[in-house]
Amino acid sequence: MKNCDQKTKFYNPNKFNGLDGAICFIIALLVLTFGSAYISYAFKDFFKSLLNFDTYAYMCLSVFISQTLLFIVVAVFSLIKRVNPITGGGYKVKWDGVQILMAILLTVGSMMLFYFTHLELTKFAGHFYGGINDIPQNFSPLTPLFTLLYIVEISVLPAFIEEIIFRGTVMKGFSEFGGLFAVVCSSVAFSLMHGSFNQMLLQFIGGLVIGAVVMITKNFLLGMLMHFTNNLFSIVYAFYVTPIFDGSIGSNVSAVLGGATIILGAVFFLTGIIYFGSMLVEKEKTKALGKSVENKYEKKRTYALKTEGQIIVADFERSPDYYSGEQTRYYIFGKFRKMNFKSPKKLTFILIGVGIAFAIICIYFGL
């Protein structure tokens with residue numbers, strides 16, 4: 001065991017706390033708001049010429065810049081806190097065909113069930129704060145290529161980068177105050193981060209279902225796949241819903257298709273809710289009985305700790321909670337270190353409120 005830091009790869013048991021989640025949210029907001037504004041100003045002539053050349057080329061670059069800024073934030077923050085935002089805090093990345101199918105059904109169902117309500121609220125939000133400044137539509141011979149690239153970008157990049165921020169960092173940190181609080185509060189942050197009252201309902205619901213599934217299963221892969229499905233499906237689904245909503249195919253046909261869509265969405269949504277709800281009930285029963293859940297994947301993961309001069313290797317299933325002691329050190333980032341402390345509750349809640357208030361102000365004033 002003396003050479004464990006050189007030969008053995010241990011699981012990193014360190015985790016984010018609530019204060020980490022609040023700080024990461026605020027930093028991400030600041031960087032996304034002012035960083036994007038600075039880049040747009042510094043290269044305004046280039047962006048203007050790109051927009052005049054092709055709208056979708058401009059949108060591709062905008063998505064890439066915003067997602068890159070967010071990735072830098074979470075990467076640097078994770079290095080400073082010495083936490084893995086994907087697998088830290090007891091999470092994993094595991095392929096489970098049934099879970100994936102149910103997660104996709106839940107995602108698609110929530111979109112189909114709530115999309116028409118979202119369109120109505122979009123109209124209301126537009127009247128409330130002045131509507132949306134539409135991007136000029138300019139096209140070039142390369143528009144089909146840029147359109148495809150944009151669809152790939154908007155589906156893939158947020159599915160990874162936004163997940164490691166909102167489920168991997170913010171939600172995990174907030175889970176210090178309970179799973180329900182973590183899912184709801186991180187969903188609020190997730191919806192506000194996108195900077196639009198018009199999209200808030202679907203983004204909040206999307207954050208809820210993704211957060212709940214990841215919290216129940218501890219499987220980070222499901223969050224990424226659900227986010228990918230949500231973004232890709234929303235693009236495709238908009239083309240289907242538009243003629244239904246504007247009545248261009250006839251009021252009777254629109255009513256039938258709209259009703260059938262909502263019913264099918266409700267079936268998908270309830271199927272996913274029942275499946276993951278049953279899983280949650282089973283987990284709570286197991287926890288109440290004091291039993292451990294058998295999981296071959298998790299049993300292969302161990303972490304090392306040094307206490308009173310002795311090095312001990314522990315099973316991943318017995319992952320430690322936040323530790324504030326002075327004697328025990330855990331093997332984190334190549335050295336034996338103390339675990340991150342629990343966060344001060346009042347300060348954490350204040351910063352969460354500050355972040356939410358700042359996001360609302362940015363949206364209202366179009367910052």
Side-chain angles (χ1 to χ4, degrees), residues 1-24 73-96 163-165 167-179 182 214-224 283-284 286-345 347-348:
M1 287 300 301
K2 293 182 180 180
N3 297 322
C4 67
D5 56 332
Q6 300 175 4
K7 297 182 180 181
T8 306
K9 185 176 181 180
F10 289 104
Y11 169 75
N12 177 3
N14 208 12
K15 59 180 71 177
F16 293 113
N17 60 29
L19 186 62
D20 295 332
I23 291 174
C24 184
V73 169
V74 72
V76 173
F77 194 77
S78 298
L79 287 173
I80 292 173
K81 298 300 298 184
R82 301 189 178 100
V83 179
N84 188 324
I86 297 177
T87 60
Y91 288 71
K92 57 186 178 288
V93 177
K94 181 183 179 182
W95 183 273
D96 186 309
E163 282 306 301
I164 62 177
I165 289 182
R167 257 60 67 178
T169 304
V170 176
M171 189 182 78
K172 285 182 184 178
F174 291 169
S175 64
E176 177 185 351
F177 307 114
V214 174
M215 181 68 71
I216 291 170
T217 63
K218 304 297 183 184
N219 190 351
F220 195 81
L221 177 63
L222 295 182
M224 291 189 289
K283 286 185 65 176
E284 292 301 318
T286 302
K287 188 186 301 183
L289 294 173
K291 297 179 180 178
S292 61
V293 180
E294 293 295 326
N295 191 315
K296 294 181 180 179
Y297 181 86
E298 292 182 353
K299 282 187 174 181
K300 296 178 182 178
R301 304 162 76 186
T302 56
Y303 62 91
L305 62 138
K306 181 185 289 186
T307 179
E308 298 180 355
Q310 293 184 338
I311 297 176
I312 302 171
V313 177
D315 291 337
F316 167 76
E317 286 185 350
R318 292 178 289 168
S319 182
D321 204 340
Y322 303 96
Y323 186 78
S324 58
E326 295 297 328
Q327 300 299 321
T328 303
R329 298 288 189 275
Y330 297 87
Y331 193 70
I332 300 169
F333 274 34
K335 292 182 179 179
F336 285 98
R337 314 172 190 268
K338 289 190 294 184
M339 290 276 285
N340 289 336
F341 296 156
K342 282 190 174 182
S343 58
K345 185 178 291 187
L347 177 60
T348 301

Heavy atoms only: give me the nearest Tyr330-Pro13 pair and the separation to one decimal. CB-CG, 4.1 Å
Which residues share a side chain to side chain contact (heavy atoms under 4.5 Å, CB included) with Lys306, sequence neighbours left out: Ile311, Phe336
Going from CE on Met215 to CZ on Phe174, what distance comes out if it is rounded to the nearest 0.5 angstrom? 11.0 Å
Tell me, please, which residues at least two apart from Asn84 pass side chain to side chain donor-acceptor pair (under 3.5 Å). Thr87
Give, for atom OG1 of Thr307 and atom CZ of Arg329, the distance between the pair rounded to the nearest 0.5 Å. 10.0 Å
Roughly how far apart are Lys15 NZ and Lys81 NZ, rounded to 0.5 Å? 13.5 Å
With Asn12, which residues qualify under side chain to side chain contact (heavy atoms under 4.5 Å, CB included), at least two apart? Asn14, Ile332, Phe333
Between Val214 and Met171 the two heavy atoms that sit nearest each other are CG1-CE, 4.0 Å
Inter-residue atom distance Ile23.CD1 - Asn17.CG, 0.5 Å rounding: 8.0 Å
Side chain to side chain donor-acceptor pair (under 3.5 Å) filter on Ser343, not counting sequence neighbours, yields Glu176, Thr348
Using only atom types and a distance under 3.5 Å, with no angle test, would you say the side chain of Lys345 pairs donor to acceptor with the backbone of Gly18? no
Determine whether a donor-acceptor pair (N or O, by modelled atom type, separation under 3.5 Å) exists between the side chain of Lys94 and the backbone of Leu222. no
Locate the shortest heavy-atom distance separating Gly21 from Val170; write the atom from each residue and the value. O-CG2, 3.7 Å
4.5 Å side-chain heavy-atom contact, Lys283 and Lys218: yes
Considering only heavy atoms from C-beta outward, does the side chain of Ile86 approach that of Tyr91 to under 4.5 Å? no
Between Val313 and Phe10, is the side chain to side chain contact (heavy atoms under 4.5 Å, CB included) condition met? List the steps. CA-CA 9 Å; Val313 177; Phe10 289 104; 3.9 Å; yes
Applying side chain to side chain donor-acceptor pair (under 3.5 Å) to Ser78 and not counting sequence neighbours gives none
If I take atom NZ from residue Lys92 and atom OG1 from residue Thr217, how far apart are they, to the nearest 0.5 angstrom? 6.0 Å
Using the ring of each side chain (for Trp, its six-membered ring), is Phe16 parallel, tilted or perpendicular to Phe77, with breaks at 30° and 60°? parallel
Within-4.5 Å side-chain heavy-atom neighbours: Lys172 and Arg167: no
Please name all residues satisfying side chain to side chain contact (heavy atoms under 4.5 Å, CB included) with Gln310, sequence neighbours left out, ordered by chain then number. none
